[in-house]
A.B. asks: 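Can you read through this structure? Questions will come right after.
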Amino acid sequence: MRTRFCPSPTGTVHVGVMRAALYNWAYARHTGGAFVVRIEDTDPARNTLESERHLLDCLRWLGLNWDEGPEIGGPHGPYRQSERSEVYRDVVARLLESGHAYESFSTPEEVNARRAAAGQDPKLGYDNADRTTTDAQRAAFLAEGREAVVRLRMPDADLTWHDHVRGEVRFAAGAVPDFVLVRGNGTPLYTLVNPVDDALMGITDVLRGEDLLSSTPRQLALYAALTDIGVAAGTPRFGHLPLVMGEGNKKLSKRDPQSNFDVYRDRGFLPEGLVNYLALLGWSIAEDRDVFSPEEMAAAFDVDSVNANAARFDLKKAEAINATHLRALPVDEFISRVAPYLAGAGLVADPPTAEQAATLEAIAPLAQERMIVLSDAVGLLGFLFAEDVEIDPAAADKQLGAGAGEVLDAASAALEALPEWTTPAIETALKEALVEGLGRKPRQAFGPVRVAVSGRTVSPPLYESMELLGRERTLGRLAAARGIATG
RNA sequence: GCCCCCAUCGUCUAGCGGUCCAGGACGCCGCCCUUUCAAGGCGGUAGCACGGGUUCGAACCCCGUUGGGGGCACCA
(Lines give C-alpha, C1' and ligand atoms only; values in the text may rest on other atoms or scores of the structure.)
Protein backbone atom coordinates (compact mmCIF):
# COMPACT_ATOMS: atom_id res chain seq x y z
CA MET A 1 0.00 0.00 0.00
CA ARG A 2 1.12 3.53 -0.72
CA THR A 3 -0.77 6.38 0.88
CA ARG A 4 -0.11 10.05 0.74
CA PHE A 5 -0.67 13.33 2.46
CA CYS A 6 -0.78 16.26 0.07
CA PRO A 7 -1.45 19.51 1.86
CA SER A 8 -1.58 22.89 0.28
CA PRO A 9 0.71 25.21 2.23
CA THR A 10 -1.63 28.07 2.99
CA GLY A 11 -2.25 29.79 6.29
CA THR A 12 -2.68 27.81 9.46
CA VAL A 13 -2.58 24.04 9.87
CA HIS A 14 -6.04 22.57 10.33
CA VAL A 15 -6.72 19.75 12.82
CA GLY A 16 -8.93 17.99 10.28
CA VAL A 17 -6.08 17.97 7.82
CA MET A 18 -3.77 16.50 10.41
CA ARG A 19 -6.33 13.83 11.19
CA ALA A 20 -6.30 12.90 7.50
CA ALA A 21 -2.50 12.78 7.62
CA LEU A 22 -2.66 10.55 10.67
CA TYR A 23 -5.02 8.06 9.03
CA ASN A 24 -2.86 7.90 5.93
CA TRP A 25 0.22 7.39 8.04
CA ALA A 26 -1.43 4.74 10.19
CA TYR A 27 -2.75 2.84 7.20
CA ALA A 28 0.66 2.80 5.55
CA ARG A 29 2.34 1.68 8.75
CA HIS A 30 -0.31 -0.92 9.42
CA THR A 31 0.08 -2.47 6.01
CA GLY A 32 3.83 -2.12 5.89
CA GLY A 33 3.49 0.24 2.95
CA ALA A 34 4.83 3.70 2.29
CA PHE A 35 3.60 7.08 3.41
CA VAL A 36 4.29 9.81 0.87
CA VAL A 37 4.12 13.55 1.47
CA ARG A 38 3.61 15.88 -1.45
CA ILE A 39 3.24 19.64 -1.38
CA GLU A 40 0.42 20.97 -3.53
CA ASP A 41 1.60 24.48 -4.23
CA THR A 42 0.12 25.19 -7.63
CA ASP A 43 -1.47 28.40 -6.43
CA PRO A 44 1.48 30.78 -6.10
CA ALA A 45 -0.80 33.54 -4.84
CA ARG A 46 -1.63 31.61 -1.69
CA ASN A 47 1.28 29.30 -1.01
CA THR A 48 4.27 30.19 1.11
CA LEU A 49 7.45 28.39 1.98
CA GLU A 50 7.01 29.33 5.60
CA SER A 51 3.67 27.62 5.66
CA GLU A 52 5.20 24.51 4.08
CA ARG A 53 7.93 24.34 6.70
CA HIS A 54 5.41 24.72 9.45
CA LEU A 55 3.24 21.95 8.03
CA LEU A 56 6.18 19.57 7.88
CA ASP A 57 7.18 20.56 11.37
CA CYS A 58 3.71 19.71 12.65
CA LEU A 59 3.88 16.30 10.97
CA ARG A 60 7.22 15.58 12.56
CA TRP A 61 6.02 16.76 15.94
CA LEU A 62 3.07 14.38 15.77
CA GLY A 63 5.47 11.62 14.85
CA LEU A 64 4.09 11.07 11.36
CA ASN A 65 7.35 10.30 9.62
CA TRP A 66 7.16 10.03 5.84
CA ASP A 67 9.03 7.65 3.57
CA GLU A 68 9.14 9.89 0.53
CA GLY A 69 8.58 13.57 0.21
CA PRO A 70 10.02 17.02 0.69
CA GLU A 71 13.32 17.27 2.54
CA ILE A 72 14.04 13.57 2.16
CA GLY A 73 13.31 12.97 -1.51
CA GLY A 74 12.49 9.61 -3.04
CA PRO A 75 12.25 7.85 -6.37
CA HIS A 76 9.19 9.77 -7.59
CA GLY A 77 10.31 13.32 -6.91
CA PRO A 78 10.22 16.17 -6.95
CA TYR A 79 7.54 16.20 -4.27
CA ARG A 80 6.60 19.80 -4.68
CA GLN A 81 4.17 20.51 -7.47
CA SER A 82 5.68 23.87 -8.23
CA GLU A 83 8.73 21.90 -9.40
CA ARG A 84 6.84 19.53 -11.66
CA SER A 85 5.60 21.82 -14.44
CA GLU A 86 7.26 19.87 -17.27
CA VAL A 87 5.59 16.68 -16.09
CA TYR A 88 2.16 18.27 -16.32
CA ARG A 89 2.85 19.94 -19.64
CA ASP A 90 3.76 16.60 -21.13
CA VAL A 91 0.68 14.85 -19.73
CA VAL A 92 -1.62 17.59 -21.00
CA ALA A 93 -0.11 17.36 -24.47
CA ARG A 94 -0.77 13.63 -24.53
CA LEU A 95 -4.29 14.04 -23.22
CA LEU A 96 -5.02 16.59 -25.95
CA GLU A 97 -3.41 14.48 -28.62
CA SER A 98 -5.37 11.39 -27.66
CA GLY A 99 -8.64 13.32 -27.67
CA HIS A 100 -9.37 12.79 -23.96
CA ALA A 101 -9.04 16.49 -23.44
CA TYR A 102 -9.83 19.46 -25.62
CA GLU A 103 -9.39 23.19 -25.75
CA SER A 104 -12.38 25.19 -24.64
CA PHE A 105 -12.86 28.83 -25.56
CA SER A 106 -16.20 29.61 -23.93
CA THR A 107 -16.07 32.30 -21.31
CA PRO A 108 -18.14 31.88 -18.13
CA GLU A 109 -20.40 34.68 -19.42
CA GLU A 110 -21.06 32.83 -22.63
CA VAL A 111 -21.86 29.63 -20.77
CA ASN A 112 -24.31 31.45 -18.52
CA ALA A 113 -25.91 33.16 -21.49
CA ARG A 114 -26.42 29.80 -23.20
CA ARG A 115 -27.96 28.32 -20.06
CA ALA A 116 -30.25 31.29 -19.70
CA ALA A 117 -31.26 31.14 -23.35
CA ALA A 118 -32.19 27.50 -22.89
CA GLY A 119 -34.22 28.37 -19.81
CA GLN A 120 -31.82 26.52 -17.52
CA ASP A 121 -30.31 27.29 -14.16
CA PRO A 122 -26.87 28.83 -14.71
CA LYS A 123 -25.72 26.82 -11.69
CA LEU A 124 -25.64 23.85 -14.03
CA GLY A 125 -22.33 25.23 -15.21
CA TYR A 126 -20.44 24.45 -18.35
CA ASP A 127 -22.48 22.73 -21.05
CA ASN A 128 -19.82 20.76 -22.94
CA ALA A 129 -20.52 22.95 -25.95
CA ASP A 130 -16.89 23.26 -26.95
CA ARG A 131 -16.47 19.58 -27.59
CA THR A 132 -17.30 20.28 -31.19
CA THR A 133 -15.17 23.33 -31.82
CA THR A 134 -13.83 23.16 -35.38
CA ASP A 135 -10.34 24.05 -36.52
CA ALA A 136 -11.71 27.10 -38.26
CA GLN A 137 -13.48 28.31 -35.11
CA ARG A 138 -10.37 27.64 -33.10
CA ALA A 139 -8.29 29.71 -35.49
CA ALA A 140 -10.82 32.51 -35.29
CA PHE A 141 -10.80 32.53 -31.47
CA LEU A 142 -7.03 32.56 -31.43
CA ALA A 143 -7.00 35.42 -33.91
CA GLU A 144 -9.30 37.33 -31.52
CA GLY A 145 -6.68 36.86 -28.86
CA ARG A 146 -8.76 34.43 -26.81
CA GLU A 147 -7.14 31.94 -24.45
CA ALA A 148 -8.39 28.40 -24.16
CA VAL A 149 -8.70 26.31 -21.04
CA VAL A 150 -8.17 22.57 -21.36
CA ARG A 151 -11.09 20.37 -20.36
CA LEU A 152 -11.41 16.65 -19.88
CA ARG A 153 -14.01 14.93 -22.02
CA MET A 154 -16.19 13.11 -19.50
CA PRO A 155 -17.35 9.63 -20.46
CA ASP A 156 -20.99 8.98 -21.12
CA ALA A 157 -21.34 6.35 -18.42
CA ASP A 158 -22.08 6.17 -14.72
CA LEU A 159 -19.06 6.61 -12.52
CA THR A 160 -18.87 4.33 -9.51
CA TRP A 161 -16.33 3.13 -7.04
CA HIS A 162 -16.11 1.13 -3.87
CA ASP A 163 -15.20 3.54 -1.13
CA HIS A 164 -13.15 2.27 1.83
CA VAL A 165 -15.50 3.91 4.27
CA ARG A 166 -18.74 4.35 2.34
CA GLY A 167 -19.07 1.28 0.15
CA GLU A 168 -20.53 1.69 -3.34
CA VAL A 169 -20.90 5.27 -4.50
CA ARG A 170 -22.42 6.11 -7.85
CA PHE A 171 -22.72 9.28 -9.91
CA ALA A 172 -24.98 9.14 -12.94
CA ALA A 173 -23.60 9.71 -16.41
CA GLY A 174 -23.78 13.35 -17.37
CA ALA A 175 -23.87 14.55 -13.77
CA VAL A 176 -20.42 16.04 -14.08
CA PRO A 177 -19.60 18.42 -16.93
CA ASP A 178 -16.27 18.43 -18.71
CA PHE A 179 -14.06 20.14 -16.16
CA VAL A 180 -11.03 22.36 -16.49
CA LEU A 181 -7.56 20.84 -16.20
CA VAL A 182 -5.46 23.80 -17.30
CA ARG A 183 -6.09 27.50 -16.89
CA GLY A 184 -6.24 29.86 -19.86
CA ASN A 185 -2.77 31.06 -18.97
CA GLY A 186 -1.45 27.54 -19.29
CA THR A 187 -0.93 26.72 -15.60
CA PRO A 188 -2.36 23.42 -14.38
CA LEU A 189 -5.10 23.07 -11.79
CA TYR A 190 -5.48 20.80 -8.81
CA THR A 191 -8.02 18.80 -10.80
CA LEU A 192 -5.23 17.66 -13.11
CA VAL A 193 -2.21 17.71 -10.94
CA ASN A 194 -3.52 15.78 -7.96
CA PRO A 195 -4.49 12.60 -9.85
CA VAL A 196 -1.49 12.84 -12.17
CA ASP A 197 0.90 12.92 -9.24
CA ASP A 198 -0.94 10.20 -7.37
CA ALA A 199 -0.63 8.07 -10.49
CA LEU A 200 3.01 8.88 -11.05
CA MET A 201 3.86 8.35 -7.42
CA GLY A 202 2.18 4.97 -7.35
CA ILE A 203 -0.41 5.89 -4.73
CA THR A 204 -2.72 2.92 -4.17
CA ASP A 205 -5.08 4.34 -1.55
CA VAL A 206 -6.37 7.87 -1.40
CA LEU A 207 -7.71 8.69 2.06
CA ARG A 208 -9.08 12.21 2.26
CA GLY A 209 -11.88 14.27 3.65
CA GLU A 210 -15.46 13.76 2.62
CA ASP A 211 -15.49 17.28 1.24
CA LEU A 212 -13.64 15.83 -1.75
CA LEU A 213 -16.13 13.05 -2.35
CA SER A 214 -17.92 14.85 -5.13
CA SER A 215 -14.71 15.46 -7.01
CA THR A 216 -14.06 11.73 -7.20
CA PRO A 217 -16.09 11.05 -10.36
CA ARG A 218 -13.98 13.60 -12.22
CA GLN A 219 -10.85 11.95 -10.99
CA LEU A 220 -12.11 8.53 -11.96
CA ALA A 221 -12.62 9.80 -15.50
CA LEU A 222 -9.16 11.34 -15.52
CA TYR A 223 -7.60 8.13 -14.27
CA ALA A 224 -9.26 6.23 -17.07
CA ALA A 225 -7.77 8.68 -19.57
CA LEU A 226 -4.38 8.58 -17.90
CA THR A 227 -4.41 4.82 -17.92
CA ASP A 228 -5.33 4.84 -21.58
CA ILE A 229 -2.37 7.02 -22.49
CA GLY A 230 -0.02 5.05 -20.26
CA VAL A 231 0.55 7.60 -17.51
CA ALA A 232 -1.36 5.69 -14.83
CA ALA A 233 -1.30 2.00 -14.12
CA GLY A 234 -4.91 2.04 -12.98
CA THR A 235 -7.15 3.75 -10.49
CA PRO A 236 -6.39 3.90 -6.77
CA ARG A 237 -8.89 2.96 -4.07
CA PHE A 238 -10.56 5.84 -2.33
CA GLY A 239 -11.62 6.31 1.25
CA HIS A 240 -13.55 9.43 2.20
CA LEU A 241 -13.05 10.23 5.84
CA PRO A 242 -15.77 11.78 7.96
CA LEU A 243 -15.54 15.51 8.32
CA VAL A 244 -14.37 17.04 11.57
CA MET A 245 -17.08 19.38 12.77
CA GLY A 246 -16.84 22.39 15.03
CA GLU A 247 -18.98 23.63 17.89
CA GLY A 248 -22.00 24.32 15.76
CA ASN A 249 -22.92 21.86 13.11
CA LYS A 250 -20.56 22.92 10.42
CA LYS A 251 -17.32 21.66 9.07
CA LEU A 252 -14.55 23.01 11.28
CA SER A 253 -13.38 25.88 9.11
CA LYS A 254 -9.97 27.40 8.88
CA ARG A 255 -11.42 30.55 10.35
CA ASP A 256 -12.51 28.72 13.46
CA PRO A 257 -9.86 29.15 16.18
CA GLN A 258 -10.55 25.61 17.36
CA SER A 259 -9.31 24.32 14.03
CA ASN A 260 -5.81 25.68 14.46
CA PHE A 261 -3.45 22.83 15.18
CA ASP A 262 -0.90 25.17 16.74
CA VAL A 263 -3.07 26.06 19.70
CA TYR A 264 -3.04 22.48 20.93
CA ARG A 265 0.65 22.16 20.50
CA ASP A 266 1.29 25.50 22.19
CA ARG A 267 -0.92 24.65 25.13
CA GLY A 268 1.16 21.60 25.74
CA PHE A 269 -0.86 18.76 24.37
CA LEU A 270 1.38 15.73 24.07
CA PRO A 271 1.80 14.49 20.51
CA GLU A 272 0.76 11.03 21.61
CA GLY A 273 -2.28 12.52 23.35
CA LEU A 274 -3.35 14.43 20.29
CA VAL A 275 -2.74 11.46 18.01
CA ASN A 276 -4.91 9.39 20.31
CA TYR A 277 -7.73 11.91 20.31
CA LEU A 278 -7.57 12.61 16.58
CA ALA A 279 -7.63 8.88 15.89
CA LEU A 280 -10.88 8.62 17.83
CA LEU A 281 -12.58 11.03 15.46
CA GLY A 282 -14.01 8.32 13.26
CA TRP A 283 -12.27 5.20 14.44
CA SER A 284 -12.06 3.06 17.56
CA ILE A 285 -9.47 0.55 18.59
CA ALA A 286 -11.77 -1.70 20.59
CA GLU A 287 -15.17 -1.87 22.18
CA ASP A 288 -14.06 -0.98 25.67
CA ARG A 289 -10.89 0.97 25.22
CA ASP A 290 -9.95 4.39 23.97
CA VAL A 291 -6.48 5.14 25.26
CA PHE A 292 -3.62 3.92 23.11
CA SER A 293 -0.23 4.88 21.73
CA PRO A 294 0.53 5.83 18.12
CA GLU A 295 2.26 2.48 17.69
CA GLU A 296 -0.79 0.63 18.96
CA MET A 297 -2.92 2.61 16.57
CA ALA A 298 -0.69 1.76 13.63
CA ALA A 299 -0.81 -1.90 14.58
CA ALA A 300 -4.60 -1.94 14.71
CA PHE A 301 -5.69 0.64 12.15
CA ASP A 302 -7.83 -0.40 9.23
CA VAL A 303 -9.51 2.17 6.96
CA ASP A 304 -12.35 -0.14 6.21
CA SER A 305 -13.50 0.12 9.80
CA VAL A 306 -13.57 3.90 9.78
CA ASN A 307 -16.96 5.29 10.70
CA ALA A 308 -18.78 7.31 8.02
CA ASN A 309 -20.41 9.82 10.37
CA ALA A 310 -19.11 13.31 10.72
CA ALA A 311 -17.45 13.81 14.12
CA ARG A 312 -17.59 16.82 16.38
CA PHE A 313 -14.32 17.95 17.90
CA ASP A 314 -14.80 17.76 21.67
CA LEU A 315 -12.17 19.70 23.55
CA LYS A 316 -13.15 18.18 26.91
CA LYS A 317 -12.54 14.69 25.68
CA ALA A 318 -9.32 15.71 23.96
CA GLU A 319 -8.14 17.10 27.27
CA ALA A 320 -9.15 14.02 29.19
CA ILE A 321 -7.27 11.78 26.78
CA ASN A 322 -4.25 14.02 26.95
CA ALA A 323 -4.32 14.10 30.74
CA THR A 324 -4.28 10.31 30.77
CA HIS A 325 -1.18 10.26 28.59
CA LEU A 326 0.42 12.96 30.71
CA ARG A 327 -0.04 10.94 33.87
CA ALA A 328 1.32 7.84 32.22
CA LEU A 329 4.63 9.54 31.43
CA PRO A 330 7.67 8.40 33.42
CA VAL A 331 8.56 11.20 35.83
CA ASP A 332 11.85 12.13 34.23
CA GLU A 333 10.19 12.25 30.84
CA PHE A 334 7.46 14.42 32.27
CA ILE A 335 10.10 16.78 33.68
CA SER A 336 11.93 17.13 30.42
CA ARG A 337 8.72 17.94 28.60
CA VAL A 338 7.46 20.41 31.14
CA ALA A 339 10.74 22.28 31.65
CA PRO A 340 10.54 24.21 28.35
CA TYR A 341 7.14 25.54 29.34
CA LEU A 342 8.46 26.75 32.69
CA ALA A 343 11.47 28.25 30.98
CA GLY A 344 9.25 29.89 28.41
CA ALA A 345 7.35 31.60 31.19
CA GLY A 346 10.60 32.79 32.73
CA LEU A 347 10.17 30.66 35.83
CA VAL A 348 13.29 28.54 35.44
CA ALA A 349 16.49 28.91 33.48
CA ASP A 350 16.97 27.01 30.24
CA PRO A 351 18.22 24.52 31.19
CA PRO A 352 17.10 24.72 34.83
CA THR A 353 19.75 25.39 37.47
CA ALA A 354 20.70 22.56 39.81
CA GLU A 355 18.46 23.97 42.50
CA GLN A 356 15.52 24.39 40.15
CA ALA A 357 16.04 20.90 38.83
CA ALA A 358 15.95 19.51 42.36
CA THR A 359 12.71 21.34 43.11
CA LEU A 360 11.23 20.16 39.85
CA GLU A 361 12.18 16.61 40.54
CA ALA A 362 10.59 16.72 43.97
CA ILE A 363 7.34 18.29 42.82
CA ALA A 364 6.92 16.58 39.46
CA PRO A 365 5.19 13.42 40.65
CA LEU A 366 2.74 15.51 42.66
CA ALA A 367 2.08 17.94 39.84
CA GLN A 368 1.74 15.40 37.10
CA GLU A 369 -1.63 14.08 38.17
CA ARG A 370 -3.08 17.57 38.47
CA MET A 371 -2.37 18.70 34.95
CA ILE A 372 -4.16 18.38 31.64
CA VAL A 373 -1.63 20.02 29.34
CA LEU A 374 2.02 20.90 29.88
CA SER A 375 1.40 24.63 30.08
CA ASP A 376 -0.68 24.04 33.21
CA ALA A 377 2.65 23.72 35.01
CA VAL A 378 3.20 27.44 34.71
CA GLY A 379 0.23 28.28 36.87
CA LEU A 380 0.47 25.25 39.08
CA LEU A 381 4.17 25.41 39.89
CA GLY A 382 5.03 29.05 39.41
CA PHE A 383 4.88 29.74 43.13
CA LEU A 384 7.81 27.42 43.78
CA PHE A 385 10.19 29.29 41.52
CA ALA A 386 9.63 32.85 42.63
CA GLU A 387 10.44 34.82 45.73
CA ASP A 388 6.92 36.15 46.11
CA VAL A 389 3.64 34.85 44.88
CA GLU A 390 0.92 36.78 43.16
CA ILE A 391 -2.37 35.81 44.72
CA ASP A 392 -5.17 35.04 42.32
CA PRO A 393 -7.97 37.51 43.17
CA ALA A 394 -10.66 34.86 42.86
CA ALA A 395 -8.73 32.60 45.22
CA ALA A 396 -8.36 35.46 47.68
CA ASP A 397 -12.09 36.14 47.55
CA LYS A 398 -12.77 32.55 48.28
CA GLN A 399 -10.26 31.83 51.02
CA LEU A 400 -8.94 35.04 52.50
CA GLY A 401 -12.21 36.34 53.87
CA ALA A 402 -13.86 35.81 57.24
CA GLY A 403 -11.76 33.85 59.70
CA ALA A 404 -8.69 33.70 57.50
CA GLY A 405 -6.62 36.06 59.61
CA GLU A 406 -6.88 33.86 62.65
CA VAL A 407 -5.88 30.81 60.64
CA LEU A 408 -2.88 32.53 59.09
CA ASP A 409 -1.70 33.86 62.44
CA ALA A 410 -1.94 30.46 64.05
CA ALA A 411 -0.16 28.83 61.12
CA SER A 412 2.67 31.34 61.27
CA ALA A 413 3.10 30.89 65.00
CA ALA A 414 3.18 27.12 64.73
CA LEU A 415 5.63 27.09 61.84
CA GLU A 416 7.99 29.67 63.26
CA ALA A 417 8.68 27.48 66.26
CA LEU A 418 9.09 24.26 64.29
CA PRO A 419 12.39 22.60 65.16
CA GLU A 420 12.69 20.79 61.85
CA TRP A 421 11.33 21.82 58.43
CA THR A 422 10.02 18.59 56.99
CA THR A 423 6.73 17.55 55.45
CA PRO A 424 5.65 15.38 58.41
CA ALA A 425 6.66 18.02 60.94
CA ILE A 426 4.75 20.70 59.03
CA GLU A 427 1.72 18.49 58.76
CA THR A 428 1.68 17.72 62.48
CA ALA A 429 2.22 21.31 63.48
CA LEU A 430 -0.48 22.67 61.23
CA LYS A 431 -3.03 20.06 62.20
CA GLU A 432 -2.36 20.72 65.85
CA ALA A 433 -2.54 24.46 65.49
CA LEU A 434 -5.47 24.74 63.13
CA VAL A 435 -7.64 21.69 63.44
CA GLU A 436 -7.19 21.01 67.12
CA GLY A 437 -6.10 24.44 68.30
CA LEU A 438 -8.69 26.51 66.47
CA GLY A 439 -11.23 23.75 66.05
CA ARG A 440 -11.44 24.35 62.32
CA LYS A 441 -12.60 21.83 59.82
CA PRO A 442 -9.69 20.74 57.63
CA ARG A 443 -11.08 22.36 54.50
CA GLN A 444 -11.49 25.69 56.27
CA ALA A 445 -8.18 25.42 58.03
CA PHE A 446 -6.02 24.66 55.02
CA GLY A 447 -7.77 26.69 52.37
CA PRO A 448 -6.34 30.06 53.44
CA VAL A 449 -2.90 28.57 54.00
CA ARG A 450 -2.88 27.07 50.53
CA VAL A 451 -3.87 30.33 48.90
CA ALA A 452 -1.27 32.23 50.93
CA VAL A 453 1.49 29.86 49.94
CA SER A 454 0.62 29.03 46.33
CA GLY A 455 -1.59 31.94 45.34
CA ARG A 456 -4.30 29.54 44.16
CA THR A 457 -6.99 27.23 45.35
CA VAL A 458 -5.48 24.39 43.35
CA SER A 459 -1.89 23.46 44.05
CA PRO A 460 0.35 20.49 44.62
CA PRO A 461 -0.04 18.95 48.08
CA LEU A 462 0.42 21.63 50.73
CA TYR A 463 2.99 20.27 53.19
CA GLU A 464 5.32 19.10 50.47
CA SER A 465 5.02 22.44 48.77
CA MET A 466 5.90 24.26 51.99
CA GLU A 467 8.88 22.09 52.62
CA LEU A 468 10.18 22.82 49.13
CA LEU A 469 9.52 26.50 49.55
CA GLY A 470 11.51 26.67 52.77
CA ARG A 471 10.61 28.24 56.07
CA GLU A 472 11.54 31.78 55.18
CA ARG A 473 9.52 32.10 52.01
CA THR A 474 6.59 30.25 53.58
CA LEU A 475 6.42 32.58 56.54
CA GLY A 476 6.85 35.58 54.29
CA ARG A 477 3.87 34.53 52.23
CA LEU A 478 1.72 33.84 55.25
CA ALA A 479 2.50 37.34 56.45
CA ALA A 480 1.79 38.87 53.06
CA ALA A 481 -1.54 37.09 52.86
CA ARG A 482 -2.34 38.23 56.41
CA GLY A 483 -1.96 41.75 55.09
CA ILE A 484 -4.68 41.37 52.52
CA ALA A 485 -6.96 39.02 54.44
CA THR A 486 -10.21 40.73 55.25
CA GLY A 487 -11.21 38.74 58.24
C1' G B 1 -31.91 24.54 -7.28
C1' C B 2 -28.96 20.06 -8.69
C1' C B 3 -25.66 16.00 -7.16
C1' C B 4 -23.64 13.17 -3.24
C1' C B 5 -22.86 11.58 1.85
C1' C B 6 -24.68 10.64 6.78
C1' A B 7 -28.38 9.21 10.80
C1' U B 8 -27.06 4.57 18.19
C1' C B 9 -26.82 8.42 25.00
C1' G B 10 -25.42 16.02 25.14
C1' U B 11 -20.45 14.42 22.53
C1' C B 12 -16.96 10.41 20.40
C1' U B 13 -18.15 5.55 19.56
C1' A B 14 -19.13 -0.50 20.00
C1' G B 15 -22.76 -3.09 17.47
C1' C B 16 -21.94 -5.82 11.03
C1' G B 17 -30.09 -10.52 11.87
C1' G B 18 -30.98 -13.70 17.55
C1' U B 19 -25.66 -13.70 22.75
C1' C B 20 -28.67 -5.94 23.10
C1' C B 21 -35.05 -4.36 27.78
C1' A B 22 -27.99 -1.76 23.42
C1' G B 23 -21.52 -1.98 25.68
C1' G B 24 -17.26 1.64 26.50
C1' A B 25 -15.33 6.71 26.90
C1' C B 26 -15.87 12.16 27.72
C1' G B 27 -19.27 15.30 30.15
C1' C B 28 -22.78 15.75 34.03
C1' C B 29 -24.76 14.09 39.04
C1' G B 30 -24.05 11.42 43.63
C1' C B 31 -21.07 8.63 47.21
C1' C B 32 -16.18 6.98 49.07
C1' C B 33 -11.13 8.46 49.87
C1' U B 34 -9.21 13.16 51.43
C1' U B 35 -5.68 19.01 53.95
C1' U B 36 -8.17 22.41 49.02
C1' C B 37 -8.41 21.23 43.86
C1' A B 38 -7.44 17.28 41.24
C1' A B 39 -6.38 12.16 40.66
C1' G B 40 -8.34 7.40 42.04
C1' G B 41 -12.53 3.98 43.45
C1' C B 42 -17.84 3.00 43.28
C1' G B 43 -22.62 4.12 41.47
C1' G B 44 -26.13 6.96 38.55
C1' U B 45 -28.08 9.93 34.26
C1' A B 46 -28.96 9.54 29.09
C1' G B 47 -29.56 6.86 22.97
C1' C B 48 -31.08 2.88 18.31
C1' A B 49 -34.87 10.08 14.17
C1' C B 50 -39.83 8.57 12.11
C1' G B 51 -42.99 5.38 8.97
C1' G B 52 -43.43 1.25 6.08
C1' G B 53 -41.66 -3.38 4.52
C1' U B 54 -38.37 -8.26 4.41
C1' U B 55 -37.81 -12.09 8.30
C1' C B 56 -39.73 -16.92 12.98
C1' G B 57 -36.75 -12.67 14.70
C1' A B 58 -34.20 -6.10 13.10
C1' A B 59 -30.17 -0.85 16.04
C1' C B 60 -28.34 -4.04 12.22
C1' C B 61 -31.28 -5.60 5.40
C1' C B 62 -34.76 -2.75 1.70
C1' C B 63 -37.96 1.59 0.56
C1' G B 64 -39.80 6.23 1.89
C1' U B 65 -40.06 10.57 5.10
C1' U B 66 -37.68 13.90 8.10
C1' G B 67 -33.30 15.94 9.83
C1' G B 68 -28.11 17.07 9.39
C1' G B 69 -23.76 17.66 6.39
C1' G B 70 -20.70 18.27 1.98
C1' G B 71 -20.01 19.68 -3.06
C1' C B 72 -21.52 22.27 -7.44
C1' A B 73 -14.56 27.74 -9.60
C1' C B 74 -9.73 29.10 -14.89
C1' C B 75 -9.16 27.44 -5.14
C1' A B 76 -7.05 23.22 -3.18
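Chain letters run A, B, ... following the sequence lines, proteins first and then strands; every chain starts at 1.
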A.B. asks: Counting only heavy atoms not in A:E50 (residues, nucleotides, ligands), do more than 12 fall under 6.0 Å from its CD?
C.D. replies: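 Incorrect, the count does not exceed 12.
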A.B. asks: Tell me if the side-chain of A:R450 makes a donor-acceptor pair with the base of B:U35, cut-off 3.5 Å, by modelled atom types.
C.D. replies: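 Check passes, donor-acceptor contact within cut-off.
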A.B. asks: Can you tell me the base-pairing partner of B:C28? Count Watson-Crick or G-U wobble geometry only, both distances below 3.5 Å, and say none if there is no partner.
C.D. replies: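 B:C28 is paired with B:G44.
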A.B. asks: B:G68, OP1 or OP2 - any side-chain N/O from A:N309 closer than 4.0 Å?
C.D. replies: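 For B:G68, OP1/OP2 do not have a side-chain N/O of A:N309 under 4.0 Å.
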A.B. asks: Can you find a side chain N or O atom of A:R170 that sits less than 4.0 Å from OP1 or OP2 on B:C5?
C.D. replies: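 Looking at the OP1 and OP2 atoms of B:C5, neither is under 4.0 Å from any side-chain N or O of A:R170.
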A.B. asks: Now, which nucleotide makes the Watson-Crick or G-U wobble pair with B:C60, with each of the two distances under 3.5 Å?
C.D. replies: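 In the structure as shown, B:C60 has no Watson-Crick or wobble partner.
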A.B. asks: Looking at A:R80 and A:E40, does any basic side-chain N land under 4.0 Å from a carboxylate oxygen?
C.D. replies: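 Answer for the salt bridge query: no.
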A.B. asks: If I pick the C1' atom on B:G41 and the same atom on B:U54, what distance separates them, to the nearest angstrom?
C.D. replies: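 Nearest-Å result for B:U54 against B:G41 at atom C1': 48 Å.
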A.B. asks: Return the value, rounded to whole Å, for the distance between atom CG of A:L241 and atom C1' of B:C6.
C.D. replies: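 Going from CG in A:L241 over to C1' in B:C6 covers 14 Å.
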A.B. asks: Across all strands shown, which nucleotide pairs with B:U54 by Watson-Crick or G-U wobble geometry, both distances under 3.5 Å?
C.D. replies: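 Pair assignment: B:U54 / none.
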A.B. asks: Mark yes or no for a side-chain to base donor-acceptor pair under 3.5 Å between A:R312 and B:C12, with no hydrogen or angle criteria applied.
C.D. replies: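 Donor-acceptor pair under 3.5 Å: no.
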A.B. asks: Any side-chain hydrogen bond (donor to acceptor under 3.5 Å, both in side chains) pairs touching residues 461-470 of chain A, not counting sequence neighbours?
C.D. replies: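 Found A:T423-A:E467.
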